[in-house]
Engineer: 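Before we start, here is the structure in question, set down as structure tokens.
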Amino acid sequence: SIDKNIQLSLLGLPYEELDVVKEAFKNEFIENYIKLNEDQKSSDQNVMDIIRKNLKYVLKNILQKKPEIKIHLIRK
């Protein structure tokens, strides 16, 4: 299952855009995550690839920027 408390740290992003990016990312990520089978969901690399792809998509659409992305995946 997905922990709805997804945390993002977006350095250098204006505060007013932070919530918009977080909400758009959560929606995009959840939509793609539920399409994975159980083996794919258990693979950290698969999940990080989806996170990276979705975050780049959201940032490009909202900010028209392609920043460097570092992912730290912590599972409970």
Side-chain angles (χ1 to χ4, degrees):
S1 75
I2 300 174
D3 183 351
K4 302 293 188 220
N5 189 22
I6 296 172
Q7 295 182 8
L8 293 176
S9 299
L10 302 167
L11 304 175
L13 189 66
Y15 185 75
E16 55 273 358
E17 294 175 337
L18 192 61
D19 289 334
V20 174
V21 169
K22 283 184 179 182
E23 279 306 309
F25 169 74
K26 285 181 185 181
N27 292 334
E28 195 71 28
F29 174 73
I30 290 170
E31 181 180 314
N32 287 299
Y33 183 82
I34 60 176
K35 294 177 184 176
L36 299 177
N37 65 37
E38 290 304 315
D39 287 338
Q40 291 170 321
K41 287 178 184 177
S42 66
S43 166
D44 288 349
Q45 188 60 51
N46 284 343
V47 173
M48 288 192 304
D49 288 345
I50 290 173
I51 291 169
R52 182 174 289 107
K53 178 183 172 195
N54 294 157
L55 193 52
K56 282 184 175 186
Y57 174 79
V58 167
L59 290 171
K60 185 177 179 207
N61 285 337
I62 293 175
L63 305 175
Q64 287 76 47
K65 296 181 182 179
K66 295 163 74 172
E68 179 181 338
I69 296 174
K70 294 182 182 178
I71 299 169
H72 303 277
L73 180 64
I74 301 169
R75 294 185 185 241
K76 291 184 179 182

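In what follows, residues are counted from 1 in the order of the sequence shown.
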Engineer: Which heavy-atom pair separates V58 from V21 by the least distance, and what is that distance?
Structural biologist: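 Looking at all heavy atoms of both residues, the shortest contact is CG1-O, 3.8 Å.
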
Engineer: Does E17 reach the side chain of L63, with side-chain heavy atoms less than 4.5 Å apart?
Structural biologist: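 Yes; the side chains approach each other to less than 4.5 Å.
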
Engineer: Show every donor-acceptor pair shorter than 3.5 Å between a side-chain atom in residues 47-55 and any protein atom, with sequence neighbours excluded, or say none if there are none.
Structural biologist:
residue : atom : partner : partner atom : Å
D49     : OD1  : Q45     : NE2          : 2.9

Engineer: Measure from the side-chain N and O atoms of S43 to the backbone N and O of Q40, and report whether any donor-acceptor pair falls under 3.5 Å.
Structural biologist: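 Flag not set: sc S43 to bb Q40 has no pair under 3.5 Å.
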
Engineer: Output yes when a side-chain donor or acceptor of N32 lies under 3.5 Å from a complementary backbone atom of E28, and no otherwise.
Structural biologist: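 Yes; judged by distance alone, with no hydrogens or angles, the pair exists.
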
